[in-house]
Structure formats: C-alpha cells, structure tokens
There are 2 protein chains.
Amino acid sequence: VSTLADVGAIRVVGTGLLGTSVALGLRATGARVLLADPSPGALSLAAAIGAGEVAGDPEADLVLVAVPPAVTAQVVLAELAARPGATVTDVASVKAGVVAAVRAGGGDLSRFVPGHPMAGRERSGPVAARGDLFEGRPWVLCPTPQTTPDRVAAVRRLALALGAVPVEMAAERHDEAVAVVSHLPQIAASLVAARLRGVDDDTVALAGGGLRDVTRIAASDPQLWQQILAANAAVLLPHLRGLQADLDRVVSAAADLAGGGAAGAAPLRRLIEAGNAGQQRIPGKHGGTPTRYEVLSVVIPDEPGALARLFSEVGGAGVNVEELALEHAPGRAVGLLALSVLPGARPALEGVLRASGWHFSG
Amino acid sequence: VSTLADVGAIRVVGTGLLGTSVALGLRATGARVLLADPSPGALSLAAAIGAGEVAGDPEADLVLVAVPPAVTAQVVLAELAARPGATVTDVASVKAGVVAAVRAGGGDLSRFVPGHPMAGRERSGPVAARGDLFEGRPWVLCPTPQTTPDRVAAVRRLALALGAVPVEMAAERHDEAVAVVSHLPQIAASLVAARLRGVDDDTVALAGGGLRDVTRIAASDPQLWQQILAANAAVLLPHLRGLQADLDRVVSAAADLAGGGAAGAAPLRRLIEAGNAGQQRIPGKHGGTPTRYEVLSVVIPDEPGALARLFSEVGGAGVNVEELALEHAPGRAVGLLALSVLPGARPALEGVLRASGWHFSG
C-alpha cells in the first residue's frame, strides 16, 4: 500500500458513505483526517467510529469533496478559493457538468482533479461506511487540460493508499461509460422493483436469488439518484432509447406468442443470447475481495440467551469473530449463524463449538 | 428433516441441474434414487457424482420429471402411463400449460402433482447441481382438482426432505407470481447485459457490484428460457406492458432534461422511490413472512468478549434478536453490528443499549 507520508492533513468535506469510507481508509494508513459536514449528527457519528477529527476550518494540503452531486461544483469552488495552496478533488458520479461549473465559476482548474471512485453501497450515510470500500475498485480521475501533473499525482496516491486502481480518462468518456455500467442498471433495477409494489404477499414470498440480485440496487437513495440521472440525462438518453427499442421487441414477441403465434419464440431466445454475450464482457471481480475468512455455520436454537451463550463460549476460547450473519428462516425453529474467522482461528473455533455441543457445518 | 422412509425407490427423469440436485439431496437422506436421461453423457456424469443408480426401466413409487419445459407434459404422460401405481411430479417453471397438456393427453391427473421448486442457478447441467439447492426455498405444488391428497402428501414429503418449504397454490396463480418475481427480472437482466455488447473494454472495466448483480442471471440458458418465457407469454404480457410504460416515462424525463428542461427530474426521483418501495416488499433471504424489522447499528470495540457482553445484556433484558450482521471493516478499529428486532422490541433494545453505554444509531 502506498503511503501518504508526503501529504499533510487531508480534509474530507461530507461525511456520508463515500466521505466517511475515504476517511476510515485514510486513518488506517496513519494519515491525519479532518472532517467537515453541514450535518452535526453525521459529523459526530463519523468521528465516533474513528473516521477523523472534527476541526473548525483547518489548513489542508488535500481536500476531498464528497457532497451530493448537485452541490459538488459549488463546494469545490469554495474549497479552491478558501485554500489557495490545496489540491481539491471530488467524488461526484457524473463529471462533465462539475468540470463545466467549476470552470464557469472561475475556479483554479490547475488545482482541481475531478474524480469518481467506482464503489458504493445501496445503503448510505456514515454508518454504512467501510475503510475497505475502494479495495481493488477503479478510481477514475478526469483531469482538466489545466490540471497540473503534480495535483493529479497527489490524488492518484490517495486512491492507491485506499487500495483503489486509479484510471485516467476524459470527463466525457467517463460519463459515457457510467451511463452503461451504472445508470442503466440502476434504472432497470428500479423498474423491476417498482412492479413489486402491487403484488400480494404470496407472490413476493416466492422471490429467489435472481430477483434479489436484480433489485438489490433498487434500494438506492432517491435524492442522490435523481441528481445523478439528471446530471447525465443527455448522455444516458440514447442508451435508454436503445433499451426501449429492445424492450419493444420483447413485448411484440410476447404478444405474438400470447395470440397463438410462433414467431415470438426466436426473438425471446435472441434476447437471452444477447444477454449471455453482454454478460460475458464483464471482467471478473477486481483484485479486491480476497477471501480472507473461513466461515462456519452454526445452528442456533430459537431460545433466549442462545446467542449470548455462544459468544461467551467463543470469546472465552479467545477466538476473534471477524464477521457474522444470522438468518432466521420463518417456518423453522432454528436460525443459522455464519461465523467468519481468520483461517488460523478455524481449528480453535471448531474445537470450542464441538466441546459445547453446537451443531455446525462448513 | 422429514424422512422418506415410507417411499420406496424414487425415479428422477432428467439429470440436468434440478434433477441432479434433487437426486443428490435425496441420496443424502439415504433414499434410493434411480436416474434416467436421454443423454448418456449427462446420465453417467450424474451417477458419477453420486446422484443415484442408472437403472433400465425400473419400478418406482415416486417419479420426478425434471426435463425441459417444452417436453415436460409429454414425459409426465409417458411416466403416468408406464407406472400405473406411481405418483408423478415435475419441476417445470410454468404450470398451467403442463396441466392442460397432461389433461388433454388423457393422463391420470389423480396421480399427478405439478410442482416447481423455486431454486436454480444461472449455470446448468449436472456439474452445477448441489444437494442443498432447495434448502429454505419455496417448493410450489399446484395439485389439480383431481389430484388425490395422498399424492400431494408424498411430494410434500419429498420437498421437506430436501429442506424446501412446500407451498400450495393454483397453477394459474403460480404462473402470475413467477411472471413478476422471475420472468420479468430475467428479461430486465438480459436487456441490460445485452447493451454491454457494443461498448469498449475501458467501459466494462468500470463495472461494479451493481452491474454484476443486475446482470448475473443474464448468463441463463437461452434454450431453457425461450421455453419458459414462451410458455408464460400470455400471463407475462400485461406485466411487460407495464414495464414498457414505466420505461417510456423515464425516457421522456431524460429527453426533457437533455433538452434543458427541469420537469424531468421529479419522474426520475419517483422511479427510484417506487423501486425502494417495491424492493422492500421482498422478504428476507429464506422467504416467508415479510415482517419488517427495526434495525439498530451498534459500534462494537474490537476487543475480546465485546459481543458476548452485548448479547448477554440484550438477552438479559429479554429482547429477542431476529437478525444480525457484523462487519469488521479492515482499517477500522471497531465493528458495526446491525441488530434487527420486531418493531415492538425497539424501545427495550434502545433502553438496554443506552443503559450499558453502547454507541448506536438507526
């Protein structure tokens, strides 16, 4: 991991999901992080989970602006003006508009490095933040023609320190790319999820992994996504029209089949084949997600104190649990608790579970 | 787990993903499984991985037909005719057409239990099979008015033995439900994935978890899905037209914004909000009651015994935890534990957390 030894304090403006995740990741490298947010609640929560210091209006060499897209340019302009020596970068999901607005506002473009870390979660706010959010993820930098190379290098080091992979491209090219790999999937997920509103409980009870995966990002923040989609509407439009034309063909095919025809089968097959071909273009998971943990599944009887007993026994044996997840399947008297431990801790965990008579597998 | 002790040999016709998964799961309960498949390669592969015996044309008390949807009715008719005492069930994803065809073919409906285990993978064939594929998943049974209760009970025991949750509903109702929870998501995933065919490598290199999740099932088998979508075309059509109308509204909104208007922002926001509302209707991972839990996020210091102390305090206060998830983000000195409780238990949980000095939010 690169160090940020040559960088002094880093100011993070905006302690939502992205800002707090950057701050947590930077703190882990030993960097000094100064937090700012107009919301006192978000700010103190971010500080409480160890994301950095709350400082009034400090000096900083590097400023990361992680505020909602619609106000990004305005905050970038303010930071460029308030800190004449600082490098300023941002994380807004659409870049051309931010660059144009900072230019129009007379900002010092030589010190501005427009950026977009390609990472996120469908949950938002500092509580959802994780220092490893950017591990192995692309971090797009869109320097303007005026941005000086040393400023780009400083933000590149920031990205590397967080385990991200810096990628440089023009703002327009970035916006084209995210229209297809991010905005179109968001719209499709929301459209499919929206159709679940009217159905009855027996229907949603049949939901499987396919529906869950397709609609996971439908849980995204409406305020944020209105801003993102609106900012990229012109770039998105031809892609949306392409999707619309493809869907029209599917509807025609289904109408033909529903009317007793046979000509509709082939277009449906071609749709799935086209999806196969497109899906295969997605590269494997980027360097991140190293499988660092061993997972054991423990059967938890649905009785008071069962979890407390388990954790007291596991903790008493000195086993550190890294991650855990409990599922209570309705219609079953037991829950299943997935315990993740470092590989070296597995034998000890198995030993204590066996000694205490827990049923487990994995 | 239920036993199949009262059932003799079980014949599985079709050793693809579903048939082989059923066979593997049944073998694990000690049942005798007799495999059949027109493809000698698939058959011997299924036998080689321990799914059962290859027997010529054996007697069987229970026959599970797991062949492609388009030939399911024909194979069901053949099995009903060849084994006059046997209960016959199938796994085809669309039910009304199969029932109608078996009825039209003069099959003995009293012994036919149309079925659909709501489980699958985007990979196909016996190699992708897993004996635990059905664990906690709904297994829909659509008995006809002629099907006798003892035949339904036999297939219900089969589903229970595989860890599935039997659900009875009329074939027409099932087909309506899968149109929304399965077929529409498949079409959306394929449509989004299909748009990746034309883009360059730099664009797909920016793909993130959102795109991967939305398009995962786009890897599905075209031959199989042509049959599924065609078989349910009439039921699917109004849902597709609803999707089409919703997409048309999104395109109009984007066109308005792209042309410099402002009226397009609100419809985009409403789309994401509608998606939020629909996505929340999906029940927890294992299906069942769509109970809404209250979630509190608790900061857990990374020190031995912290979880045991928390659970002992929470349990001691009589608060029942329904679901929980812990994240230990690397680069963070603390973990964050999400505790889900029934809405009525929230005040008690907040009280005990506050009294014991835990930091929490939510």
Side-chain angles (χ1 to χ4, degrees), chain A residues 28 118 127 130-132 177 181 185 188 190-194 196-197 203-204 206-208 210-211 213-219 222 225-226 229-230 233-234 237 240 246 251 254 257-258 265 268-269 271-275 277-279 281-282 305 307-308 311-312 315 322 324-326 329-330, chain B residues 118 136 177 181 185 188 190 192-194 196-197 203-204 206-208 210-211 213-219 222 225-226 229-230 233-234 237 240 251 254 257-258 265 268-269 271-275 277-279 281-282 286 288-289 297 305 307-308 311-312 315 324-326 328-332:
Chain A
M118 300 293 297
V127 165
R130 327 177 24 133
D132 66 349
V181 303
S190 295
L191 285 168
V192 171
L196 298 173
R197 283 172 305 163
T203 295
V204 290
L206 298 188
L211 179 67
D213 283 353
V214 170
T215 59
R216 183 179 60 79
I217 57 173
W225 273 93
Q226 171 185 330
L229 297 176
L237 187 57
L240 278 172
D246 290 350
V251 174
L257 290 161
L268 293 180
R269 186 196 174 99
L271 164 71
I272 307 294
E273 285 171 345
Q279 205 259 0
R281 300 228 40 227
I282 303 176
L307 282 173
F311 284 107
S312 129
E322 305 296 336
L324 55 85
L326 176 72
Chain B
M118 300 294 297
V181 303
S190 295
V192 171
L196 298 173
R197 283 173 306 163
T203 295
V204 289
L206 298 187
L211 179 68
D213 282 352
V214 170
T215 60
R216 181 179 61 78
I217 57 173
W225 273 92
Q226 171 185 329
L229 298 176
L237 188 58
L240 278 172
V251 173
L257 289 161
L268 294 180
R269 186 198 174 100
L271 164 71
I272 307 294
E273 285 171 345
Q279 206 258 1
R281 299 229 40 228
I282 303 176
H286 276 293
T289 53
S297 290
L307 281 173
F311 283 106
S312 130
L324 53 85
L326 175 73
H328 257 217
R332 197 156 138 172

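Computed from heavy atoms alone, side chains included, the values below leave out hydrogens, waters and symmetry copies. The model shown is predicted, which means the values in this text are computed figures rather than measured ones. Sequence lines set the chain letters: A, B, ... in the order given, protein chains first and strands last, and positions in each chain run from 1.
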**Student:** Counting heavy-atom pairs under 4.5 Å to chain B, which of A:L229, A:L257, A:L237 comes out on top?
**Tutor:**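 Most heavy-atom pairs under 4.5 Å with chain B: A:L237.
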**Student:** Restricting to non-hydrogen atoms, name the atom on A:L268 and the atom on B:A230 that form the minimum distance, rounded to 0.1 Å.
**Tutor:**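 For A:L268 versus B:A230, the nearest heavy atoms are CD1-N, 4.0 Å.
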**Student:** Looking at A:A177 and B:L206, what are the two nearest heavy atoms and their distance?
**Tutor:**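 Scanning both residues completely, I find the closest heavy atoms to be CB-CD1, 3.8 Å.
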**Student:** Just verifying a value: how many Å separate A:R197 CZ and B:E273 CD, rounded to the nearest 0.5 Å?
**Tutor:**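 The CZ atom of A:R197 sits 10.5 Å away from the CD atom of B:E273.
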**Student:** Over all heavy atoms of both residues, which pair between B:S190 and A:I272 is shortest? Give the atoms and the distance, please.
**Tutor:**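 Here B:S190 and A:I272 meet closest at OG-CD1, 3.5 Å.
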**Student:** Looking only at heavy atoms, which two atoms of B:G275 and A:A193 are closest? And how far apart?
**Tutor:**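 Residues B:G275 and A:A193, closest heavy atoms: O-CB, 3.4 Å.
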**Student:** Run the numbers on A:L191 and B:L271 for side chain to side chain contact (heavy atoms under 4.5 Å, CB included), then give the verdict.
**Tutor:** CA-CA 7 Å; A:L191 285 168; B:L271 164 71; 3.6 Å; yes
**Student:** Output the distance between atom CZ (A:R281) and atom CG (B:L211), rounded to the nearest 0.5 Å.
**Tutor:**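 Here the interatomic distance stands at 11.5 Å.
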**Student:** Identify which of B:A308, B:P222, B:G208, B:S312 forms the greatest number of heavy-atom pairs closer than 4.5 Å to chain A.
**Tutor:**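 The residue among B:A308, B:P222, B:G208, B:S312 with the greatest pair count is B:P222.
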**Student:** Could you have a look at B:G278, B:A188, B:A234 and say which one has the most heavy-atom pairs with chain A under 4.5 angstrom?
**Tutor:**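 Counting heavy-atom pairs under 4.5 Å, the top option is B:G278.
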**Student:** Between B:L240 and A:A254, what is the shortest heavy-atom contact and its length?
**Tutor:**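 So the two residues come closest at CD1-CB, 3.7 Å.
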**Student:** Checking B:I282 against A:T215 for the side chain to side chain contact (heavy atoms under 4.5 Å, CB included) test, could you report, in this order, the C-alpha distance in whole Å, the side-chain angles of both residues, the deciding distance, and whether it holds?
**Tutor:** CA-CA 9 Å; B:I282 303 176; A:T215 59; 3.2 Å; yes
**Student:** What are the two closest heavy atoms between A:V181 and B:V204, and how far apart are they?
**Tutor:**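 Reported closest heavy-atom pair: CG1-CA, 4.4 Å.
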**Student:** Under the criterion side chain to side chain contact (heavy atoms under 4.5 Å, CB included), I'd like the reasoning laid out for A:I217 against B:D213: C-alpha separation, chi angles, the key distance, then a yes or no.
**Tutor:** CA-CA 8 Å; A:I217 57 173; B:D213 282 352; 5.8 Å; no
